[in-house]
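Heads up: the structure comes next, in structure tokens.
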Amino acid sequence: MDIAEMLSFTASEYLDDRAELVDGDPDELWSDGTLVRYFNHGQRILARRAWCIKETGVSPAGVIVLQTGKILYPLHRSILFVYDATPTTQAAPLGRADDIRLRDPYPVAVDALERGMAASINGADTYTGAPLAFASDPATRTLRVYPEPSATQNGLRVLLKAARLPITELTLDDTEAEPELPEEYHLDLCIYAAGRCLTQPMVDSGYKVDGRNLLAEFADTCREARRDRQRADYNGSRWGFASTTAKIK
């Protein structure tokens with residue numbers, strides 16, 4: 001559904017606040033601008049709760065460009081989670097690790113003094129070269145690349161597989177545009193917008209019950225969408241045997 005269809009559907013099927021007048025101001029309680037703002041907010045809520053927008057290597061959110069000597073890269077404001085990162089010079093993705101593991105020279109050390117001494121010794125010997133691993137938790141929406149890129153890697157593009165929020169907001173300037181959410185959720189944005197309208201302070205209490213029911217229906221959709229994504233991401237598991245305990249008889 002495009003914006004024009006969503007506006008028409010929400011106003012006619014849920015709000016019933018539009019009437020054709022021969023003259024005078026439009027007979028409507030909630031403007032198109034209000035509905036579009038709720039459409040935008042609804043798609044952000046659904047995308048954040050369900051991670052239903054996933055892409056690989058699509059600009060502007062899914063690509064970073066390495067720079068000589070730079071190890072921390074800000075991620076696009078829409079990024080929710082980075083699944084993997086793959087330089088364009090190779091087919092396999094980089095290794096994924098926690099930020100502390102990429103910065104710890106001897107992660108197996110358990111003593112604080114050992115860790116500190118190892119870091120001091122290792123600090124004078126900085127390895128540079130092709131990227132081997134990344135971490136997505138050094139700061140909010142920030143990616144760490146290991147090791148430090150050298151001049152050879154300057155300008156190398158790294159493609160990110162990521163879950164993200166919508167980037168382009170819906171506006172009345174382009175009513176033929178569609179939400180970035182998958183098409184099966186467009187009707188749910190209408191339900192959310194209608195629910196928000198019917199729970200505004202100036203609405204009669206009877207209609208507020210209807211509005212709360214619509215918002216509860218949207219919340220159920222968010223939970224169902226999250227379950228759908230989790231099922232799609234699940235790839236099964238295999239038995240693992242420890243070599244120290246497994247024996248062949």
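The basis for the numbers below is simple: all heavy atoms, side chains too, and nothing from hydrogens, waters or symmetry mates.
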- Item | Passing option when L66 is tested against I71, L156, N154 for side-chain contact (heavy atoms from CB on, under 4.5 Å) | L156
- Task: Flag the pair R37 / N40 as yes when at least one side-chain heavy-atom distance between them is below 4.5 Å, and no otherwise.
- Result: no
- Apply the test salt bridge (Lys or Arg N to Asp or Glu O under 4.0 Å) to residues E217 and R212: give CA-CA distance (whole Å), side-chain angles for both, the deciding distance (0.1 Å), then the verdict. CA-CA 9 Å; E217 181 179 346; R212 286 192 290 270; over 6 Å; no
- Message: For Q153 and S150, which I'm curious about, is there any donor-acceptor pair between the side chains at under 3.5 Å?
- Response: yes
- Message: Strictly distance-based, threshold 3.5 Å: is any side-chain N or O of Q90 a donor or acceptor partner for the main-chain N or O of A92?
- Response: yes
- Point-to-point distance, once rounded to the nearest 0.5 Å, from CG of L46 to CZ of F218: 4.5 Å
- Going from CG on D84 to CG on L94, what distance comes out if it is rounded to the nearest 0.5 angstrom? 8.5 Å
- Task: Return yes when atom CZ of R141 has more than 12 non-hydrogen atoms of other residues, nucleotides or ligands closer than 6.0 Å, and no otherwise.
- Result: yes
- T142 and D137: CA distance, side-chain angles, deciding distance, side chain to side chain contact (heavy atoms under 4.5 Å, CB included) verdict: CA-CA 7 Å; T142 303; D137 62 333; over 6 Å; no
- Message: Enumerate the ring pair (Phe, Tyr, Trp, His ring centres under 6.0 Å) contacts for residues 45-80, please, sequence neighbours excluded, ordered by first and then second residue.
- Response: W51-F81
- Item | Heavy-atom side-chain contact between K161 and V82 under 4.5 Å | no
- Item | All ring pair (Phe, Tyr, Trp, His ring centres under 6.0 Å) counterparts of Y14, not counting sequence neighbours | F9
- Message: Quick check: closest heavy atoms across A91 and T86, and the distance to 0.1 Å?
- Response: O-CG2, 3.8 Å
- Are the side chain of R144 and the backbone N or O of L72 linked by a donor-acceptor pair below 3.5 Å? no
- Neighbour count >12 (heavy atoms, 6.0 Å) for atom CZ, R96: yes
- Within one Ile-Leu-Val-Met-Phe-Trp-Tyr cluster: M1 and L35, side-chain cutoff 4.5 Å: yes
- Search all heavy atoms of Y185 against all heavy atoms of A225 and return the closest pair with its distance. OH-CB, 3.3 Å
- Query: Would one find more than 12 heavy atoms of other residues, nucleotides or ligands at under 6.0 Å from atom CD of E224?
  - Reply: no
- Rounded distance (nearest 0.5 Å) linking atom SG of C197 with atom CG of L15: 5.0 Å
- Query: Can you check salt bridge (Lys or Arg N to Asp or Glu O under 4.0 Å) on K54 and D233, steps first, answer last?
  - Reply: CA-CA 11 Å; K54 291 199 297 185; D233 287 348; 2.6 Å; yes
- Which distance, rounded to the nearest 0.5 Å, do you find between the CG of L159 and the OG of S59? 8.5 Å
- Closest contact, heavy atoms only, L189 versus G42: CD2-C, 3.5 Å
- Note on the structure: So CG of L181 and CD of Q43: to nearest 0.5 Å the spacing works out to 5.0 Å
- More than 12 non-hydrogen atoms from neighbouring residues, nucleotides or ligands closer than 6.0 Å to CD on E176, yes or no? no
- Message: Within the 4.5 Å heavy-atom criterion, are V158 and V63 side-chain neighbours or not?
- Response: no
- Please report the closest heavy-atom contact between A135 and A97, naming both atoms and the distance. CB-O, 3.1 Å
- Quick one: do M6 and F39 satisfy side chain to side chain contact (heavy atoms under 4.5 Å, CB included)? Show the steps, please. CA-CA 9 Å; M6 293 172 64; F39 293 156; 3.8 Å; yes
- Treat each ILVMFWY residue as a node, draw an edge where side-chain heavy atoms are under 4.5 Å apart, and state whether V58 and L80 are in one component. no
- Item | Linked, directly or transitively: L102 and V145 (ILVMFWY side chains, under 4.5 Å) | no
- Determine whether L75 and L160 make a side-chain contact, defined as any pair of heavy atoms from C-beta on separated by less than 4.5 Å. yes
- Message: Between D99 and R103, does any NZ, NE, NH1 or NH2 come within less than 4.0 Å of an OD or OE carboxylate oxygen?
- Response: yes
- Item | D228 vs E184 side-chain heavy atoms within contact, under 4.5 Å | no
- Query: So T199 and Y207, side chain to side chain contact (heavy atoms under 4.5 Å, CB included) or not? Walk me through it.
  - Reply: CA-CA 7 Å; T199 52; Y207 291 114; over 6 Å; no
- Message: Looking at every non-hydrogen atom in both residues, tell me the closest pair between I167 and A61 and how far apart they are.
- Response: CD1-CB, 4.1 Å
- Query: Transitively linked via ILVMFWY side-chain contacts under 4.5 Å: V36 with L215?
  - Reply: yes
- Charged N to carboxylate O below 4.0 Å: is that the case for E180 and R164? yes
- Could you tell me whether the side chain of D2 and the main chain of A4 form a donor-acceptor pair under 3.5 Å? yes
- Where do C52 and R226 land on the side chain to side chain contact (heavy atoms under 4.5 Å, CB included) test, with the steps shown first? CA-CA 8 Å; C52 56; R226 181 186 179 190; over 6 Å; no
- Residues in salt bridge (charged side-chain N to carboxylate O under 4.0 Å, His left out) contact with R223, at least two apart in sequence or another chain: D220
- I53 with I3, same ILVMFWY side-chain cluster at under 4.5 Å: yes
- Between atom CG of D188 and atom SG of C222, what is the distance when rounded to the nearest 0.5 Å? 8.0 Å
- Work out which heavy atom in V203 is nearest to a heavy atom in L198; give both atom names and the distance. CG1-O, 3.4 Å
